[in-house]
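What follows is a short report on a single structure.
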Amino acid sequence: MLKLNVNGTSHDVDVDPATPLLYVLRNDLKLNGAKFGCGLGQCGACTVMVDGKAVFSCLTPAMLVEGREIKTVEGLGTIDAPGPMQKAFIEQQAAQCGYCIAGMMMRAQALLEAKPDAADADIRQALEPNLCRCGTHMRILRAVARARDLMQGKSADNMAPAAATGRG
Amino acid sequence: MNASNLLPDVTRRGFLAGAGALVVCFAIPAEAQEGEVPSAPGAQTAKPKLPGSLADTPSLDAWIRIDADGSITVFTGKAELGQGTKTSLRQIAAEELEVEPASIRLITADTALTPNEGYTAGSQTIQNSGTAIRYASAQVRQILVAKASEKLGAPVEALKAEAGAILGPNGAKASYGELVSADVLHVDAAADTKLKPPTAYRAIGKPFARVDIPAKVTGGEAYVQDMRPPGMVHARVVRPPSYGAKLTDFADASVKAMPGVIAVVRDGDFLAVIAEQEFQAVRAMRAMAGVAKWQEQPGLPDQYDLPAFLEKSVSEIGTVTSVGADSVPGARTLKAQFTRAYQMHASIGPSSAVAMLDNGLTTVWTHTQGVYPDRKAIAQMLGVPEEKVRCIHTEGSGCYGHNGADDAAADAALIAQKVAGKPVRVQWMRDQEHLWEPYGPAMLTRASATLDQNGNIVSWHYDLWSNSHGTRPGSAGSLIAGRLMARHFPPDPAKLQISPLGNGDRNAIPLYDVPNLRVNWHFIADMPVRVSSLRGLGAYSNVFSIESFMDELALAANADPVEYRLRHLKDPRAKKVIEVAAQKFGWSKDALPEGRGRGFAFAKYKNHAAYLAIALQADVDSDSGTIMVSRVVAAVDCGEAVAPDSIVNQTEGGILQSMSWTLYEAVHFDSTRISSPDWSTYPILRFSTVPDSIEVQVVDNPGTPYLGVAEAAQGPTAGAIANAFRSATGKRIYDLPYTRERVKDALGV
């Protein structure tokens, strides 16, 4: 039995301790955010935060993160009360298929928690490990910059948020 | 198990909870195929062709349902692949039905519920399904107005539709729900239905946030990979090490004893394992790969000499077009040869599917682009009638064409037969997607043009060598599982087909005004490397070749490339996008710093879809051989723009994806095995080489037909990069991709 602290809640999970964190998050804790992309640490779709740092959950055995603070995209807010990173991605419509996006957001979150005033060039550099195949890069960069500004309390006056139409 | 437990999105919100009411009275022709128009039963005289997919599925209630409570459901046979069509199709229906887009429930591709619209491919969702929904919605509104006229005793001219009701004089009002009766919409579409004028639009062309994004950024259930129906078990497949390898020995006793293993599946050369937990399935899969012994066969071409392979493998030559004289005199003739490597779809999420056999019905949740064709192939593979298989589209990672989706669906369906009553989730591993997806075919093209004294093109010959770009299901032999299983279904034979839609020959005919024109497809039936449809099909290679060649002709004519294109075009919409892109980019003849170039390209996708022109700036570092594209401007005309931001998003995406193909991508292999199993052996674009800016201008034409747009950027982007490299260095690279080695070779570094 492992004790994992995910998004501020402690969970006892009955898994083989060598199981990659990704599978524990997705299957045992039923969290959809972290995605299976490569299982090799090459694409970043599985990125989550552990003690504030971005890690590849597909490569991280669950036993290594016992007692540490794990954060997934579900920990950034909810569909009804999205956090600044989520708001920024919605505002910028920064997704096509969206499969890579939660991993992008977690890597960006780790950057902005460590460096709240990250420059645009810092954002670009930080996202280098994460792949997007739809070619949404320009919007992802804009959304992260926007999240930085939202987190610093800057207003939204020059944005044109589109009317929401529902949830799918 | 009630299927509604498994359905994501709208259905989760209670749509099917009221039980089977929907599965009645849909007039969906069983044999309807994309692009074919079945004649109406009993029709003696030719009827006018109905707009869009109404031609195949004319009954209004196949597209729109209104319940007694006034709720509206719209059905599309097309699938959301990340293009935003779950939003834009709602906008189209809402426009004509005079309701808010958010109030509409939309059901996408499902063999039990929606029309058969073939594949979600070829940039045709808005063009075909959107057009059908538009006309159907307008006609439904008119039917409701007529019903209200009877009920309220007011002339139709005094009535108007608003917010789900028909309003009349003096506060008279009848809601849609009050006006519908059981079969009021069970009528065929009319060809002459009048649409709303653009001046009255409230939804089309207006900014609506995509309906799917909030769930995707908050961890909602958004993909087939996220499904967790009760009792679900996890499966993994074990693939042969190479195409055509035969299983010679498989001592699976040790695997069966592993923790959590429910069953080991062997059917001929098809291997899979089912386990309670996902990581148990992964471990068992690895153990199985260790005990499986295979006999392999060489047979792949020399990846370093693809032109030789393509030239010697021709089975048939097809005439794509032949206009004017074969040979005409001129001042000067230029020739060039271009090639393109095999390239991958390379989805970020490997293919996945969930399937369950229950009471003789196999239900498959799949990110296939074609639920109906996939169902047919899977039914054949399982040896059951088609109605014993239901395919439900459920979103996956972006596919960009025929990737592993259909194969994963077949894997899940086959494995599910072993554990009846249990939902089986199959998740491919990264190497399985990279090694087994059907690639975009390698191509060879040759262009030759004769110019007159003024530098104008008087003759153009173009030849292309290519496999078919379409090996989608198809029969059971189009599925990996179908080929591997003991019955060994053979692959469908490839056939040369030349049609307006295009295949390897897509965009092989230049849109430029050329009086004497010959275009031929040297067709290669043999497919030693598995290939199929990759976004744009032959258009990527053909437009790269044509646009590279046009710049060489412009240089020979001592003309500016933009002016040279304009002088060879008559179509005003083509000219317009070229002018807009050139003007927004600031196209000029001004000298640029050393190593910097500007490039331009244009195409009208398929010669009948969206117009796209692109200008870009690139810097070439001769020491490292790297090309950095720094600024891009594109102008696109796709007719009436339904969802302008999604058009921009798709076009930005197309530009970046094509940039990645063009600069980095080639599948590697030796004589037996593919050797690009992951992202290190098949690198793609990363953030460090993304341009500083991409600006997409949408040239809107309200009230004109929708022109497919999602693939329009693939070819022109490659052409513009090629031309920018030429402009920067004075050298041209004729072979895709533009790797560092090729750049250095071209520059003699």
Within this structure, what is the [atom1]-[atom2] distance for the pair [X] and [Y], rounded to the nearest 0.5 Å?
| X | Y | atom1 | atom2 | result |
| --- | --- | --- | --- | --- |
| B:Arg686 | A:His137 | CZ | NE2 | 9.0 Å |
| A:Cys43 | B:Arg430 | SG | CZ | 6.5 Å |
| A:Met105 | B:Lys216 | CE | NZ | 13.0 Å |
| B:Tyr400 | A:Cys134 | OH | SG | 3.0 Å |

Need one label for [X]: side chain, backbone, both or neither, based on atoms under 4.5 Å from any heavy atom in chain B.
| X | result |
| --- | --- |
| A:Met85 | neither |
| A:Ala34 | neither |
| A:Thr78 | backbone |
| A:Asp16 | side chain |
| A:Ala95 | both |
| A:Ile101 | side chain |
| A:Ile140 | side chain |

Least distance between heavy atoms, B:Phe279 atom then A:Ala18 atom:
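Of all heavy-atom pairs spanning B:Phe279 and A:Ala18, the closest is CE2-O, 4.0 Å.
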How far apart are the closest heavy atoms of B:Leu656 and A:Met138, and which atoms are they?
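In terms of heavy atoms, the two residues are closest at CD1-CG, 4.2 Å.
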Contact leader toward chain B among [options], where contacts are heavy-atom pairs under 4.5 Å:
| options | answer |
| --- | --- |
| A:Met104, A:Lys35, A:Arg139, A:Lys87 | A:Arg139 |
| A:Leu127, A:Leu141, A:Val73 | A:Leu127 |
| A:Asn27, A:Ile123, A:Leu131, A:Thr19 | A:Leu131 |

Using only heavy-atom distances, determine whether the side chains of [X] and [Y] contain a donor-acceptor pair under 3.5 Å.
| X | Y | answer |
| --- | --- | --- |
| B:Asn649 | A:Gln96 | yes |
| A:Asn32 | B:Arg228 | yes |
| A:Gln93 | B:Asp645 | no |
| A:Gln86 | B:Thr218 | no |

Toward chain A, the part of [X] with a non-hydrogen atom under 4.5 Å:
| X | result |
| --- | --- |
| B:Ser646 | neither |
| B:Asp431 | neither |
| B:Glu100 | neither |
| B:Val648 | both |
| B:Gln427 | side chain |
| B:His234 | side chain |
| B:Ile348 | both |
| B:Leu685 | both |

Is the backbone N or O of [Y] less than 3.5 Å from a side-chain atom of [X], with the two atoms forming a donor-acceptor pair by type?
| X | Y | value |
| --- | --- | --- |
| B:Tyr223 | A:Cys97 | yes |
| A:Arg124 | B:Val690 | yes |
| B:Arg210 | A:Ile90 | no |
| A:Gln42 | B:Trp679 | yes |
| A:Tyr99 | B:Gly396 | no |

Tell me whether B:Asp226 is salt-bridged to A:Lys30, with the criterion being a basic N under 4.0 Å from an acidic carboxylate O.
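So B:Asp226 does not pair with A:Lys30 through a salt bridge.
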A:Arg133/B:Glu665 ion pair, N-O < 4.0 Å
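Yes, charged N to carboxylate O under 4.0 Å.
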Winner by heavy-atom pair count (cut-off under 4.5 Å) against chain A, out of [options]:
| options | answer |
| --- | --- |
| B:Ile694, B:Asp678, B:Ile655 | B:Asp678 |
| B:Gly220, B:Gly653, B:Ser660 | B:Gly653 |
| B:His345, B:Gln91, B:Glu80 | B:His345 |
| B:Gln225, B:Gln280, B:Arg535 | B:Gln225 |
| B:Gln277, B:Arg283, B:Met659, B:Gln83 | B:Arg283 |

Side-chain heavy atoms of B:Met429 within contact of A:Phe36, under 4.5 Å
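Touching, per the 4.5 Å side-chain cut-off.
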Just checking A:Glu69: does its CD atom have more than 12 heavy atoms from other residues, nucleotides or ligands closer to it than 6.0 angstrom?
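12 or below, so no.
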Give a yes or no on this: more than 12 heavy atoms of other residues, nucleotides or ligands lie within 6.0 Å of atom CD of A:Gln125.
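No.
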